[in-house]
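From a predicted model like this one, the values you see are computed outputs, not experimental measurements.
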Amino acid sequence: MLSKANKIKLVIFDLDGTLIDTAPDLAYSMDLVMQELELPKQGVSKVRRHIGNGVRRLVEDVMSSELQNAPDKEAVDKALDAFIGHYHEHLVRQSRLYPGVGRCLQGLHSSGIKLACVTNKAKAFTDPLLAHFQIDEYFDLVLSGDSLPKKKPDPFPLTHACQQFAVEVADCVMVGDSSNDILAARNAGIRSVCMSYGYSDAETVKQLKPDVVLDSCAELMDLL
């Protein structure tokens, strides 16, 4: 459990499904690719299931869901190039901050707690998103999916973040919405907070057994 007595010095946030609801624009861009491939559009409800492992995995998984056999590397490469072009163009078409995120980040930052954003999303998309929603100023460190040799659920990005601030894992907490976040935290020895509104369904969240489940980012300030 978390409490103010824990003296948390570093909070690590996931991005997609935790700070920003990016599913609408990821789905819109993916559906443009599917249309070009003459495959059925998937929509937000289906695409959101595949978010969290980087755009290549997203493209491959969505394509595979409509093909009898897994697409070959050449087909995925071509579709990925198309997706990247569409997503750059439609990055903030419908994406939005989740309620309470801005106030939470501002409050934690003002209290002196270090903040990091650790996401599997590529830097080319991460930085513009954080800047567009004017929350980049709150983060002392941003690690994207292509910043380090390993990404979540490997614990390395989280332990690397702790090392950057000379913070013990016991003084850190990971805030996310997916198995990648919770498993990375558990493997790093870091306590975890899972946001119930993210891209994992209620049953998955229950099975992950995070230390805390919250319904709003604003609730985090009451724990730290």
Could you give all pairs that pass the ring-ring contact (aromatic ring centres under 6.0 Å, His included) test and reach residues 47-80, with sequence neighbours left out?
-> none
Check whether any side-chain heavy atom of E74 lies under 4.5 Å from a side-chain heavy atom of D77, and answer yes or no.
-> no
Carboxylate-amine/guanidinium contact K152 D181, below 4.0 Å = yes
Looking only at heavy atoms, the pair that brings L148 and P157 closest together is CD1-CA, 3.8 Å
Is a side-chain N or O of Y197 found less than 3.5 angstrom from the main chain of T18, in a donor-acceptor match?
-> yes
Which heavy atom in A188 sits nearest to a heavy atom in L158, and how many Å separate them?
-> CB-CB, 4.4 Å
Could you pull out the closest heavy-atom pair between A23 and V44, with the gap in Å?
-> CB-CG1, 4.0 Å
D211 (side chain) donor-acceptor with S192 (main chain) under 3.5 angstrom = yes
Hey, is the main chain of G198 close enough, under 3.5 Å, to the side chain of R48 for a donor-acceptor pair?
-> yes
Side-chain heavy atoms of F83 within contact of V62, under 4.5 Å = no
Taking all non-hydrogen atoms of both residues into account, name the closest pair between I113 and L224 and its distance.
-> CD1-CB, 4.3 Å
All salt bridge (Lys or Arg N to Asp or Glu O under 4.0 Å) counterparts of D61, not counting sequence neighbours = R57
Is there a donor-acceptor pair closer than 3.5 Å between any side-chain N or O of R191 and the backbone N or O of V212?
-> no
Of all the heavy-atom pairs spanning L115 and L105, show the shortest one and how long it is.
-> CD1-O, 3.7 Å
For Q207, look at atom CD and say whether over 12 heavy atoms of other residues, nucleotides or ligands are found less than 6.0 Å away.
-> yes
Between I20 and L15, is any pair of side-chain heavy atoms under 4.5 Å apart?
-> yes
Indicate, with yes or no, if I8 and M174 share a hydrophobic cluster defined by side-chain heavy-atom contacts under 4.5 Å among Ile, Leu, Val, Met, Phe, Trp and Tyr.
-> no
Test item: K151 side-chain N/O and N53 main-chain N/O as donor-acceptor pair under 3.5 Å | yes
Got a sec, which pairs hit side-chain hydrogen bond (donor to acceptor under 3.5 Å, both in side chains) with one end in residues 126-136, sequence neighbours left out?
-> K123-D127, T126-S144
How far does CG of L141 sit from CD of Q164, to the nearest 0.5 angstrom?
-> 6.0 Å
Any side-chain heavy-atom pair of V92 and L129 under 4.5 Å | yes
Mark yes or no for whether S29, through its side chain, and L26, through its backbone, hold a donor-acceptor pair below 3.5 Å.
-> no
Sequence neighbours left out, what pairs pass side-chain hydrogen bond (donor to acceptor under 3.5 Å, both in side chains) with at least one residue falling in residues 89-110?
-> D25-S95
For H88, enumerate each residue passing the ring pair (Phe, Tyr, Trp, His ring centres under 6.0 Å) test, keeping only those at least two apart in sequence or located in another chain.
-> F125
For residues S65 and Q42, determine if any side-chain heavy atom of one lies less than 4.5 Å from a side-chain heavy atom of the other.
-> yes
For the student: nearest non-hydrogen atoms of K121 and T119, plus distance | N-OG1, 3.0 Å
So with a 6.0 Å cut-off around CD of E137, is the heavy-atom count from everything else above 12?
-> yes
Go through the structure and list residues passing salt bridge (Lys or Arg N to Asp or Glu O under 4.0 Å) with D177, not counting sequence neighbours.
-> none
Side-chain (N180) to main-chain (G52) donor-acceptor, under 3.5 angstrom = yes
Ignoring hydrogens and angles, tell me if any N or O in the side chain of S196 forms a donor-acceptor pair with the backbone of L214 under 3.5 Å.
-> yes
Would you say the side chain of V101 lies within less than 4.5 Å of the side chain of F133, judging by non-hydrogen atoms?
-> no
Less than 4.5 Å apart, any side-chain heavy atom of C162 and any of I190?
-> yes
